[in-house]
Every structure is written in structure tokens, then in C-alpha cells.
A.B. asks: 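Take this structure first; my questions come after.
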Amino acid sequence: MRKIIHSKFEIDLSNLKLTDTQQNSMFTDGFFVKTTFPFDIILTDELEQQFDFISDYNTSVDTIYDVIYVHNGKKEKAKLEIIQIIGVKMSAVLQYGFDDFPSFNKKLSELSLDNFDLPSDTDIYEHANDVVTQTWPDVNYNFPQVHVDKYDTSEGFYTHFEKIINNRKSGLFVKNYFNPENAVSYNRNIIQPLPYALHILKKGFLDGGYILEGNVLTDELLKRATVYGDVDYFKNNDGVVTDTIRIYHNEYFYVEPNSNGSFHCNYEKSIILEKPGVYFISGFNSLQRQPSIGSTEYGYFELNGNIVTNSGNDAYLDIDNNLIAQYYHYITCTVPNSILKINAASNPFLPDTRLILEVEITLVSEFVDGAYLPSLLNENKIDLRKAVPDITFGEYVTFWKNYLNYDITGIEGNTIYMNKVEDKFNSPAVKDLSMHDQKKPVRKFKQGISFLLKFQDIESKEYEYKKVFQNKDNVMYSGYPLDAEKTSTIEINGLPLPLLMRSVKTAHAFEENDNKVYIVPYNGLTGGLNLALPITDFLLENVHPLYWYLWFKFRINSKNFEWNFVSENEVFTNLIVKDVVHSYRNFHFIKSLTKTEIKPGLFEYELETEA
């Protein structure tokens with residue numbers, strides 16, 4: 001029985017000749033295909049009323065409805081769209097199933113990945129030190145060391161950076177600190193959590209309302225795979241300009257007479273420094289001097305009533321007798337809401353509006369809980385949403401599908417199963433179709449096809465990743481005969497990061513690309529160090545024999561069958577494209593399944609299978 005259910009109406013589709021087609025994602029790059037079929041029905045008086053008299057051109061009605069589609073004992077959410085009305089005939093389209101899961105279009109940064117502040121009695125360095133001894137599934141992320149080249153260590157901000165994230169020496173993570181004596185921030189380390197691959201997979205499906213099950217959760221490669229995102233995970237506290245002080249010549253607060261009867265102007269301006277810390281004062285003054293009457297020009301700062309700078313730096317007179325001075329002073333305040341005041345005087349009294357002083361006040365190190373914060377701040381929190389590549393969850397799942405040949409093999413309620421495609425070879429046939437064998441079905445041979453498995457191309461003189469080519473006769477890594485029409489290429493948007501010896505031997509992020517998935521294998525400390533593991537097992541020449549070889553061999557040597565039959569058997573009514581079937585004295589994988597209900601309970605099936 002087929003029908004559409006809505007709170008306002010119910011439409012019986014049982015007497016319509018409807019066709020739906022399913023594609024098996026084992027044979028495609030995607031996972032699901034939305035089923036869409038059009039149909040026409042007669043608007044009875046009852047339906048006319050339920051659809052708000054839709055045939056009347058004077059009415060304004062809804063034409064898209066969220067409905068429940070009931071078919072073959074199943075209920076699915078669907079969308080009904082009314083396309084046109086001709087007389088009493090209404091043409092509509094029903095869509096059900098989905099192109100992807102509800103969370104597939106979410107960015108990884110939008111998933112409910114771990115995001116929390118650390119307890120007040122610990123910091124990120126101590127927390128990371130506790131985590132590196134553990135492994136998945138006891139922890140959802142880890143802190144392996146990764147060599148990075150993207151930060152210019154000739155630049156002041158990164159001068160002390162050692163070109164490695166999660167830098168750990170002698171059993172402790174290297175800390176960043178600020179030295180108030182020389183006002184230098186020693187930015188030596190970036191602490192960046194790398195989420196485990198399975199944490200992202202589980203959370204992504206859970207955000208879509210599904211619990212992930214299947215042998216994907218016990219895969220030894222996946223269990224030790226962490227994901228490196230090419231991001232700036234830290235907080236940059238460098239050069240936070242808190243305020244600017246400008247004084248114009250006509251902004252004096254009083255005028256004082258000189259000994260010769262002329263006058264000079266006095267100026268004051270104050271700001272509040274809300275945060276305790278070290279501040280940098282930078283700017284200039286241009287104060288008028290009259291040597292013949294005695295100089296009274298000056299400019300200095302007071303902090304909470306105490307003089308902290310006596311004058312500007314590098315002062316000189318220009319040709320107009322303006323005293324030009326640059327300011328570059330560091331001042332330290334240890335209490336919040338301190339008052340910083342500039343005092344200045346200039347000769348003579350001239351009511352013009354020229355700018356005579358401008359300085360910026362920059363917070364270079366905040367004073368928090370008795371310590372000065374460095375400009376590269378590793379915050380005391382974990383936010384995996386900021387540590388992942390800039391891709392969607394659907395792209396992430398496709399990455400693992402194309403890398404390790406995993407497929408979504410079934411959905412039961414709110415549980416989704418993800419298993420290796422090659423495991424299907426061990427599955428018993430769940431449907432016997434041999435009674436519908438035809439004497440001479442259409443068979444197609446394809447031993448001339450081939451497959452190429454590869455990572456996306458990289459630009460590197462140091463590293464090379466092998467591609468794997470397989471045809472009927474050979475598995476090859478170079479010199480293979482590509483055929484544009486017969487070679488299917490499976491390209492993987494990401495790669496495992498190679499090891500590099502530079503102070504320590506660990507993963508090397510040699511590319512800069514926030515749209516790729518970089519795998520860093522990690523399984524706890526190695527010799528007391530938080531080092532990435534070798535990527536040997538993750539290279540395609542070693543992945544291919546375990547995950548792809550049998551599947552490619554089957555695809556090349558199998559025969560393609562095309563056949564059809566009619567049945568009212570309840571078993572066949574529930575036939576789905578993921579079923580393994582037995583026919584023609586062999587086990588078959590269904591590649592596509594088209595099912596037409598030619599009358600209630602009677603179906604015509606068209607199958608394309610490989611065996």
C-alpha cells in the first residue's frame with residue numbers, strides 16, 4: 001500500500017503506476033540518491049476542500065507540503081509539491097529519501113565536537129601533558145608534535161617559535177611567556193589539539209540524529225588516526241590598540257603668560273587603562289618652541305599620578321622651531337582601571353587647529369592571575385571546532401569512503417552502519433531470486449576496465465606519494481596504461497603527513513591547505529615523546545591490498561547482468577539495493593534497482609547486478 005499523509009489530507013497512491021529507482025553507493029562516489037516521482041490525481045470535492053480550493057485561480061494556497069510517505073510497510077518523511085492544475089487534474093511531485101544525511105552539509109566547525117573550558121586549577125600545558133599518554137577511545141583528541149613551516153620566524157611575533165606545534169621537551173610542554181623587564185613575548189609553542197578521526201565521524205552522524213555502528217569503529221588505522229587542520233588555533237594578543245590620544249592646538253585647558261608678555265598653552269588628556277598589564281606608547285608630538293623667551297614646551301605621561309615618561313624620544317627642532325619627538329615607551333600597570341594622563345605645553349598661544357600630539361596606547365601583555373600573558377596565547381580551553389579542516393561533514397565521510405573503501409551498509413531506526421565494502425564478500429545471500437532466472441539475460445563483460453587510486457596531487461620536491469593502478473593482469477605504481485574511457489580514478493582529498501627529522505622525528509605539515517584532511521597517526525607516547533607514528537600503513541600501496549584489491553578484482557572480472565521480472569511476493573516487495581542476491585548460480589551485488597508498482601501489491605523489477 002502506498003499513501004501520502006498530512007494533517008489536512010491523505011492521498012491513496014495504490015492505484016497509480018509509480019516507479020522508483022535506487023542506486024547502490026558501493027558503485028558510486030556518493031552515498032544516497034533522492035527518489036523523485038511525478039504523478040497525477042483527480043481533484044475530488046473532498047481533496048479540493050482539503051487543498052483550500054486550489055483549482056480556483058482567485059485563491060492563494062500553499063503548494064509545498066512536508067508529508068509522511070507510507071510504502072511497503074515503511075514510513076518516511078517526504079516532500080509533496082503541487083506543480084500544476086488543469087481542470088480537475090492535479091499534477092504533483094513526491095520526493096523521499098535524501099541525497100545526504102541532515103548533517104552532511106554542515107561544516108566540521110559546526111559539529112558538536114568537544115568544546116569546553118579547562119578547570120581553573122589547570123592550564124592547557126598541564127592538560128595536554130595528561131592527555132598525550134592516552135589513546136582513543138579514552139580521549140577524543142590528542143597532542144602529537146607536528147613540524148610546520150608556515151610561520152616566518154624572521155618576523156618578531158614568531159622569532160622564538162621553534163617551528164613545531166605541541167612542542168614537548170623533558171616530559172613537559174614548552175610554555176610561552178612574557179618578560180616584563182625587556183617587554184619581549186617568547187612565543188615558543190602552539191598547543192593545538194588534533195581530534196581523532198572517529199570522534200569526528202561519530203559526532204557528525206550523531207548531529208544528524210544517528211548513532212554510528214559497524215566495523216569502522218574497530219578499524220586499527222582509524223583508531224590511531226588524528227586529524228590535523230591547517231589552522232591558526234591560538235589566540236593572537238599582539239598589538240591590541242586600546243586607545244588613541246590626539247591633541248589639537250586649540251584644545252588647551254589654560255593659557256599661561258611668558259616673561260616677555262607672550263603666552264604658552266597647557267594641555268591635559270586622560271584615558272582609563274581597564275586591564276592591568278604592559279602597554280606600549282607610540283606616537284609623536286610637534287610642540288612650538290620660542291628660544292628667545294625661554295622654552296616651556298614639554299610632553300610627559302603620568303600613571304595614577306606618577307610620572308612614567310619624562311619626554312618623547314629622539315627630539316629635534318624642525319625649521320619652524322617645532323619640537324618634534326617620537327614616543328616609544330613601555331609602561332606597566334598592575335591594577336585595573338588605571339588613569340593614564342598626558343601633560344603637554346606649547347608656545348606660543350595660537351588659536352589654530354593643527355595636530356600637535358598623537359599617540360596610540362597598545363596592550364602588549366595583559367596581567368592575569370599574577371602572570372603576564374604572551375602575545376601568542378594558548379588558551380586554557382579545548383575547542384575542536386576550531387582545529388578541523390574547512391570542509392563539510394559529507395566531504396569528510398567521502399574522504400574515508402574513497403580512502404579505506406567504507407560504505408553506509410544499512411540504517412535501522414536511528415542506528416547507521418558503516419562497514420568495509422569488501423566485507424560484503426562474506427555476507428550470505430539474503431534474497432533468493434533464482435526462480436526468476438532468465439535463459440538468456442543481458443550480460444556485459446568488462447575485463448578491459450581499470451582503476452587508479454590516488455591522493456590529490458601535491459607540489460613538493462621532498463615528498464612523493466605513490467598511486468596504485470589495477471587492471472586485469474597487474475597492480476602497478478608507475479608506467480601504467482591509463483585509458484580515459486576505461487580507467488576509473490578514485491581521488492582522495494587529503495593524505496597522511498610524512499615524518500621529518502628536525503630536532504625530533506615526527507609528522508611534517510609541508511602543505512598549507514585548510515580544505516584537506518591531513519592524517520597524523522598517534523597511539524600514545526613513543527619512548528616518552530609525543531611523536532607521530534610512521535605512516536607506512538596509511539600509504540596507498542599498503543592500504544590497497546587490505547581495502548581495495550578484492551573489490552577492484554571483482555569489479556574487473558565480474559559480469560554485468562540486466563534482467564527483469566514481475567512478482568507479488570512480499571520478500572521481493574522489500575527488496576532493496578543493498579541486498580546480496582542469489583541468481584544464475586552465483587551471488588550478485590545489486591548495482592541499480594528499479595521497481596514499478598503496476599497494480600496494488602504487484603511489482604515489476606528491473607535489476608542491474610554484478611557477479
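Treat the numbers as computed from the prediction; the structure is a model and nothing was measured.
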A.B. asks: Is the backbone of Asn513 close enough, under 3.5 Å, to the side chain of Asp230 for a donor and an acceptor to pair up by distance?
C.D. replies: yes
A.B. asks: Salt bridge check: are Lys381 and Asp123 linked by an N-O gap of less than 4.0 Å?
C.D. replies: no
A.B. asks: Would you say Tyr396's side chain and Ala197's backbone share a donor-acceptor pair under 3.5 angstrom?
C.D. replies: yes
A.B. asks: Are Tyr463 and Phe510 close enough that their ring centers fall under 6.0 Å?
C.D. replies: yes
A.B. asks: Hey, is Glu162 close enough to Lys169 for a salt bridge, meaning N to O under 4.0 Å?
C.D. replies: yes
A.B. asks: I'd like to know if the side chain of Tyr267 and the backbone of Leu357 have a donor-acceptor N/O pair within less than 3.5 Å.
C.D. replies: no
A.B. asks: Not counting sequence neighbours, which residues clear side chain to side chain contact (heavy atoms under 4.5 Å, CB included) with Pro180? List them please.
C.D. replies: Phe178, Val278, Tyr372
A.B. asks: If every non-hydrogen atom of Leu194 is compared with every non-hydrogen atom of Thr226, which pair is closest and at what distance?
C.D. replies: CD2-OG1, 3.5 Å
A.B. asks: Assess the pair Phe554 and Phe425: is the distance between their ring centroids shorter than 6.0 Å?
C.D. replies: yes
A.B. asks: With a 4.0 Å cut-off, would you call Glu302 and Lys341 a salt bridge?
C.D. replies: yes
A.B. asks: I want to know whether Phe469 and Tyr480 have ring centres closer than 6.0 Å.
C.D. replies: yes
A.B. asks: Could you check whether any side-chain N or O of Ser338 sits under 3.5 Å from a backbone N or O of Val335, counting only pairs where one atom can act as donor and the other as acceptor?
C.D. replies: yes
A.B. asks: May I ask you to decide if Val475's main-chain N or O and His544's side chain share a donor-acceptor pair within less than 3.5 Å?
C.D. replies: no
A.B. asks: So does Lys420 pair up with Asp407, basic N to acidic O under 4.0 Å?
C.D. replies: no
A.B. asks: Between the side chains of Asp114 and Arg385, is the shortest nitrogen-to-carboxylate-oxygen separation below 4.0 Å, so that they form an ion pair?
C.D. replies: no
A.B. asks: Closer than 4.0 angstrom, basic N to acidic O: yes or no for Asp207 and Lys202?
C.D. replies: no
A.B. asks: How long is the gap from CG on Asp243 to CG on Leu363, to the nearest 0.5 Å?
C.D. replies: 12.0 Å
A.B. asks: Check this for me: does any side-chain nitrogen of one of Lys150 and Asp232 sit under 4.0 Å from a carboxylate oxygen of the other?
C.D. replies: yes
A.B. asks: Can a donor-acceptor pair be found, under 3.5 Å and without considering hydrogens, that links the side chain of Asp514 to the backbone of Asp390?
C.D. replies: no
A.B. asks: Does Lys466 count as lying over the ring of Tyr477, i.e. NZ or CZ under 6.0 Å from the six-ring centre, within 45 degrees of the axis?
C.D. replies: yes
A.B. asks: Donor-acceptor pair, distance only, cut-off 3.5 Å: does the side chain of Asn378 make one with the backbone of Ile191?
C.D. replies: yes
A.B. asks: Set out, in order, the CA-CA distance, both residues' side-chain angles and the distance that settles salt bridge (charged side-chain N to carboxylate O under 4.0 Å, His left out) for Lys107 and Glu110, then state yes or no.
C.D. replies: CA-CA 5 Å; Lys107 289 292 186 76; Glu110 297 173 330; over 6 Å; no
A.B. asks: Is a side-chain donor or acceptor of Asn542 paired with a backbone partner of Thr536 at a separation under 3.5 angstrom?
C.D. replies: yes
A.B. asks: When you measure from the side chain of Asp383 to the backbone N and O of Phe116, does any donor-acceptor pair fall under 3.5 Å?
C.D. replies: no
